[in-house]
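Note that the coordinates shown come from a computational prediction; the quantities given were computed from them, not determined experimentally. Naming: A, B, ... by sequence-line order, numbering from 1 per chain. Basis for what follows: all heavy atoms, side chains included, without hydrogens, waters or symmetry-related copies.
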There are 4 protein chains.
Amino acid sequence: MTTHTASLFSIATGSADPIYRQLVEQVRRLVVSGQLAPGDEMPSVREIAQALALNPMTVSKAYGLLEMDGVLARRRGLGMIVAGTAGAGKPAERAALLRPTLERAAREARELELDPRTALDLFAAILKEAQ
Amino acid sequence: MTTHTASLFSIATGSADPIYRQLVEQVRRLVVSGQLAPGDEMPSVREIAQALALNPMTVSKAYGLLEMDGVLARRRGLGMIVAGTAGAGKPAERAALLRPTLERAAREARELELDPRTALDLFAAILKEAQ
Amino acid sequence: MTTHTASLFSIATGSADPIYRQLVEQVRRLVVSGQLAPGDEMPSVREIAQALALNPMTVSKAYGLLEMDGVLARRRGLGMIVAGTAGAGKPAERAALLRPTLERAAREARELELDPRTALDLFAAILKEAQ
Amino acid sequence: MTTHTASLFSIATGSADPIYRQLVEQVRRLVVSGQLAPGDEMPSVREIAQALALNPMTVSKAYGLLEMDGVLARRRGLGMIVAGTAGAGKPAERAALLRPTLERAAREARELELDPRTALDLFAAILKEAQ
DNA sequence: GTGGTCTAGACCACA
DNA sequence: GTGGTCTAGACCACG
């Protein structure tokens with residue numbers, strides 16, 4: 001499962017936003033996109049910590065927040081699983097998670113007095129190159 | 001100029017990213033979009049601080065960074081002005097400032113397994129509604 | 001007896017307090033209230049474990065604590081029975097088991113600056129609706 | 001303010017539920033009971049930590065949860081204040097916070113086959129003695 | 001084995 | 001000065 005763990009997450013230790021938050025958001029996206037299904041067992045805290053060279057407490061903090069959020073569920077002494085309530089995620093639901101970033105982009109475009117057409121073309125290009 | 005100041009910036013004190021950074025980025029966008037032209041006088045630190053109810057040191061820090069960046073220029077004893085070198089901003093240059101946010105959006109869309117088409121449509125809708 | 005077992009206990013696996021403790025307290029209350037009389041045979045560990053989908057070790061731990069407490073007695077090779085010493089329970093004795101929770105409620109009411117009258121009325125209402 | 005801090009909270013380090021949660025719940029009750037009003041400055045993390053002989057991180061964790069819950073608000077670099085949205089707390093609202101514990105007491109009373117009358121009398125006595 | 005909690009101490013970002 | 005984050009290491013509760 002370790003190899004699985006390593007490929008499941010990609011953490012930028014030097015990033016602006018904290019590691020635990022990167023973990024939280026990635027798990028949330030993996031769940032809502034269906035790559036993690038309800039009932040799936042999550043890698044253990046220690047496993048992730050070792051695979052990503054993090055302190056277990058950092059991972060634990062992320063798990064704790066995800067549990068509070070209802071995304072993960074704790075099975076005492078047995079580890080965490082993806083919560084049953086965590087909907088598989090319809091396209092509309094997934095799009096909702098993308099909205100904040102796109103709204104920010106729209107605001108910036110407006111402040112830059114960029115033509116909507118230009119902004120859209122740029123986004124299209126970026127989506128293509130990242131493919 | 002005070003009334004001008006209040007309307008020039010919009011600061012969200014409760015936002016995730018720090019106030020000084022919001023100031024820096026807003027000034028940068030105003031300059032590159034031509035809403036602030038080279039030679040224009042910037043409001044004084046204390047003027048902005050008072051208008052937006054901020055700590056003067058916060059405003060000062062933003063001005064310092066903008067000066068380091070060559071966006072603003074300091075005239076000893078006379079306040080800051082928009083630097084002459086600060087180009088009015090060709091479209092390509094402006095688009096460059098939008099890129100990071102769009103790249104982030106593209107990455108999130110991929111992690112959500114959203115169709116590029118869907119992401120683009122959503123962006124188009126947001127751009128339209130924000131108009 | 002299995003059917004009996006399932007209805008005898010109600011375990012909330014997602015609850016805040018541990019499963020083994022829920023078992024211990026429920027047995028203690030059943031005994032002191034007379035619903036389990038001295039000499040009664042308790043369901044076997046594996047029987048309870050299967051009926052409630054619990055780890056047998058969890059049930060075993062609860063039985064161990066109840067034995068230490070003198071509530072249950074172990075008959076080698078024959079399972080556990082309700083201890084003879086486990087008095088049927090006079091009202092005063094039963095009330096003692098309720099005290100801790102009520103003391104906690106009283107403390108919380110005080111911290112909430114709730115009128116004792118209000119707290120009492122609320123408790124009366126809850127007792128009634130749960131009947 | 002230190003003396004204030006010491007008297008504001010009462011922590012049982014040996015208690016079953018964790019320190020950070022005791023802090024969270026006490027603050028929540030103080031806010032909803034009006035003893036802490038919106039806009040009030042909270043003691044600093046270090047101040048509480050020192051007054052109660054706790055690790056600052058433990059206090060910080062409590063503050064973080066209270067912020068996520070909307071009970072407290074962070075003023076960056078200036079400390080935490082009671083959130084404006086944190087309603088002063090009508091009696092009904094306060095009673096709601098007492099409900100869970102009373103529901104638990106009611107359930108236990110029922111399992112003990114205690115007369116509602118007896119349970120109520122016991123609660124009345126406890127409320128009186130704690131006064 | 002699992003996650004949870006706490007401590008100690010360091011460093012950073014912000015105002 | 002404020003809170004936030006991370007690390008290291010210990011201990012506990014649970015199953």
Using whole Å, report how far CG of Leu65(A) lies from P of dG3(E).
15 Å
When rounded to the nearest 0.5 angstrom, what is the spacing between CG in Leu112(C) and CD in Gln35(D)?
9.0 Å
Quick one: stems for DNA chain F, with Watson-Crick or G-U pairs under 3.5 Å, at least three in a row?
E:1-14 with F:1-14
Rounded distance in Å - CE (Met42(A)) to P (dT2(E))
14 Å
When rounded to the nearest 0.5 angstrom, what distance separates OG in Ser60(A) from CD1 in Ile48(A)?
10.5 Å
Between C1' on dG3(F) and OH on Tyr63(D), what's the gap in Å once rounded to a whole number?
10 Å
Distance in Å, Glu111(C) CD paired with Leu97(D) CG, rounded so as to fall on 0.5 Å steps:
11.0 Å
Measure the distance from CD on Gln50(D) to P on dT2(F) and round it to the nearest whole Å.
11 Å
With Glu67(B) via side chain to side chain donor-acceptor pair (under 3.5 Å) - residues at least two apart
Arg74(B)
Drop me the distance from Leu66(A)'s CG to Gln26(A)'s CD, to the nearest 0.5 angstrom.
11.0 Å
Sidechain-backbone polar pair: Asn55(D) side chain, Met57(D) backbone, donor-acceptor under 3.5 Å:
yes
Taking only Lys NZ, Arg NE, NH1 and NH2, and the carboxylate oxygens of Asp or Glu, determine whether Glu108(C) and Arg104(C) approach each other closer than 4.0 Å.
yes
Ile11(B) atom CD1 is separated from dC14(E) atom P, nearest whole Å, by 14 Å
To the nearest Å, how far apart are Glu41(D) CD and dG1(F) C1'?
12 Å
Report, as a single string ordered 5' to 3', how protein heavy atoms within less than 4.0 Å touch nucleotides 5-15 of chain F: B base, S sugar-phosphate only, - not at all.
SBBB-----BS
About how many Å separate CZ of Arg29(A) and CG of Leu36(A), when rounded to the nearest 0.5 Å?
12.5 Å
